[in-house]
Amino acid sequence: MKFTIERDVLTDAVSWAARSLSPRPPVPVLSGLLITAEDQLVSIASFDYETSAQLEVEADIEEPGQILVSGKLLNDIVKSLPHAPVTVELDGSKVVLTCRNSRFALATMPVSEYPTLPELPDISGTVDGDTFAQAVHQVTAAASKDDTLPVLAAVKIEIDGDQMTFLATDRYRLAMKEITWTPTDPAMSTSVLVKARTLSEVAKSLGGGGELSLRLNQSDSGTEILGFSSGGRRATSLLVDGDYPKIRALFPESSPIHAVVESTPLIDAVKRVALVAERNTPLRLAFTGNEVYLDAGAGDDASANESVPCRLLGDDITVAFNPTYLLEGLNVVNADYSHFAFTTAPKPALLTGQSEPEGAELQDFRYLVMPIRIAD
């Protein structure tokens, strides 16, 4: 195998494929990138039995062939090369990279031991990449970070015609985002569970490439693989098996108390006051009149308080939240104003966004956060 390719093209391709490499691969060959050169195209792929990533780039191919080489080492090397064409050549059991006066020789791994990459399912529909990426960013904030709870560490994607709904929860907060997409079958109705971490990586790497194609592998036993493709890049993920909690019913249909606060000043105030909140201690918010009063800490320990203007509709209310959960919700609301809806202080608070202080709620994204009980 021998081919020549522009350094920036190779760097971008290797860096993208290497992002999907497992930090602890189950077998050594899965730490490698599979590079195939044929028909003036170079394919670079990674696979760890759960997720795969593959892309093709143009190159000047002198000799076709296939190699398997350490992905992390190759990624570090190509980033360090000067900005000039790079020649990649197989020389015995090593692959040699030459760029101007730089020359690297890397050991190869046996291609025969590398597993077969999963086939990309047929296209099930398309969605705007930026819209998809924003939805994933918003809901994954509420997904569990505990991999021992695979169902809660996943995002549920529900599809009903041209409506796509993302759901996530870690039992302490819930997030729901609704977007529209263009399915190949207008009557399509299904749901899948995808690892939140995998979905985030896909959104970051493919979401900005324009139109994103979603591919569901439907079999007699259900959907097993979800595929993504955009701009010559494609990825697949095995789906998570399990029953997702019925969290839709937890979102309140109506609430008697509402408060609207400008998002940026509130986020800044929460960050400051939370500095004195020790681990697992609450940040209190007292909504009264035309302001919300924030405080944390007490007694001989450090304490802080601050007030921010707000628009309150309904009775005064004092609530307390885990400051991290509250801050993450405020950050992903992605609106000029944050709208709080309360039933009672012990009940979950619903957080949505508004573009104007007295405008309508933006209901396409909802974040429900559980309060921490405090003494009266």
Side-chain angles (χ1 to χ4, degrees), residues 50-51 121-144 149-203 206-207 211-230 235-253 329 332-334 348 350-353 361-369:
E50 288 190 358
T51 62
D122 294 334
I123 293 177
S124 302
T126 57
V127 63
D128 177 73
D130 288 334
T131 301
F132 181 86
Q134 175 65 23
V136 170
H137 171 67
Q138 288 181 293
V139 297
T140 50
S144 175
L149 302 171
V151 170
L152 297 185
V155 171
K156 185 178 185 182
I157 303 177
E158 297 179 345
I159 294 173
D160 186 8
D162 65 354
Q163 182 92 1
M164 183 180 294
T165 304
F166 300 79
L167 297 158
T169 182
D170 63 359
R171 296 177 299 185
Y172 304 105
R173 60 261 179 84
L174 324 173
M176 183 169 72
K177 174 71 175 183
E178 297 173 335
I179 64 173
T180 57
W181 77 312
T182 306
T184 54
D185 177 8
M188 185 177 184
S189 179
T190 189
S191 64
V192 295
L193 288 179
V194 190
K195 279 188 175 181
R197 184 172 62 249
T198 300
L199 204 57
S200 292
E201 285 297 326
V202 168
L206 296 180
E211 187 175 81
L212 177 65
S213 297
L214 270 62
R215 302 163 176 264
L216 279 71
N217 180 21
Q218 300 276 5
S219 68
D220 293 339
S221 59
T223 302
E224 299 172 350
I225 292 178
L226 180 59
F228 310 86
S229 60
S230 178
T236 65
S237 174
L238 282 180
L239 298 177
V240 177
D241 187 24
D243 295 325
Y244 203 73
K246 295 177 172 59
I247 65 174
R248 278 179 175 268
L250 299 177
F251 289 94
E253 295 183 1
V332 296
V333 161
N334 195 35
L350 179 62
L351 182 58
T352 56
E361 289 181 70
L362 304 175
Q363 287 282 347
D364 61 329
F365 174 69
R366 284 174 274 178
Y367 183 93
L368 196 69
V369 58

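Only this structure's heavy atoms are used, side chains among them; waters, hydrogens and symmetry mates stay out. All values reported here derive from a predicted model rather than from experimental measurement.
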Please walk me through it: do Leu199 and Ile157 pass side chain to side chain contact (heavy atoms under 4.5 Å, CB included)? CA-CA 11 Å; Leu199 204 57; Ile157 303 177; 4.2 Å; yes

Taking the side chain as every heavy atom from C-beta outward, state whether Thr51 and Glu201 have any atom pair closer than 4.5 Å. no

Would a 4.5 Å heavy-atom cut-off, applied to side chains only, mark Leu238 and Ile225 as touching? yes

Do Val202 and Val194 have side chains that approach each other closer than 4.5 Å (heavy atoms only, starting at C-beta)? no

Identify whether the distance between the nearest side-chain nitrogen and carboxylate oxygen of Asp122 and Arg215 falls below 4.0 Å. no

Closest approach of Leu212 and Ser229, non-hydrogen atoms and distance? CD1-O, 3.5 Å

CG of Leu167 to CD of Glu178: how many Å apart, nearest 0.5 Å? 8.5 Å

Keeping the roles fixed (side chain from Thr352, backbone from Arg366), state whether a donor-acceptor pair exists under 3.5 Å. no

Using modelled atom types and a 3.5 Å cut-off, is there a donor and acceptor pairing between side-chain atoms of Arg173 and backbone atoms of Ala141? yes

Under a 4.5 Å cut-off applied to non-hydrogen side-chain atoms, are Val155 and Val136 in contact? no

Using the rule given for side chain to side chain contact (heavy atoms under 4.5 Å, CB included), can you reason through Ile123 versus Thr184, listing the C-alpha separation, both sets of side-chain angles and the distance that settles it, and then say yes or no? CA-CA 7 Å; Ile123 293 177; Thr184 54; 4.3 Å; yes

If you apply the rule ring pair (Phe, Tyr, Trp, His ring centres under 6.0 Å), what do you find for Phe166 with Phe365, and how did you get there? CA-CA 9 Å; Phe166 300 79; Phe365 174 69; over 10 Å; no

Does the side chain to side chain contact (heavy atoms under 4.5 Å, CB included) test come out yes or no for Lys156 and Ile247, once each step is laid out? CA-CA 11 Å; Lys156 185 178 185 182; Ile247 65 174; over 6 Å; no

Are the side chains of Val127 and Phe228 in touch, meaning some heavy atoms are under 4.5 Å apart? no

Are the side chain of Ser189 and the backbone N or O of Asp160 linked by a donor-acceptor pair below 3.5 Å? no

Under 3.5 Å, side chain of Trp181 to main-chain N/O of Gly161, donor-acceptor pair present? yes

Heavy-atom check, side chain of Arg248 versus side chain of Thr165, under 4.5 Å: yes

When every non-hydrogen atom of Ala143 is compared with those of Asp170, the smallest separation belongs to C-CB, 4.1 Å

Exercise: identify the closest heavy-atom pair between Ala133 and Gly207: CB-CA, 4.2 Å

In Å and rounded to the nearest 0.5 Å, what is the CG to CD distance from Asn334 to Gln138? 6.0 Å

Roughly how far apart are Thr131 OG1 and Lys177 NZ, rounded to 0.5 Å? 8.0 Å

What distance separates Leu226 CG from Leu214 CG, expressed to the nearest 0.5 Å? 5.5 Å

With rounding to the nearest 0.5 Å, note down the distance linking NZ in Lys195 to OG in Ser237. 7.5 Å

Do Thr169 and Tyr244 have side chains that approach each other closer than 4.5 Å (heavy atoms only, starting at C-beta)? yes

Locate the shortest heavy-atom distance separating Met188 from Thr190; write the atom from each residue and the value. CE-CG2, 3.9 Å

On a heavy-atom basis, which atom in Gly242 and which in Leu193 lie closest, and how many Å separate them? O-CD1, 3.6 Å

Would you say Ser124's side chain and Leu216's backbone share a donor-acceptor pair under 3.5 angstrom? yes

Using every non-hydrogen atom in the two residues, find where Ala168 and Ala142 come nearest and quote the distance to one decimal. O-CB, 3.8 Å

Rounded to the nearest 0.5 angstrom, the OG1-CG distance for Thr198 and Leu239 is 10.0 Å

Other residues, nucleotides, ligands: >12 heavy atoms within 6.0 Å of Asp243 CG: no

Would you say that Leu152 contacts Pro245 through its side chain, given a criterion of any heavy-atom pair below 4.5 Å between the two side chains? yes

Sidechain N-carboxylate O distance under 4.0 Å for Glu50, Arg197: no

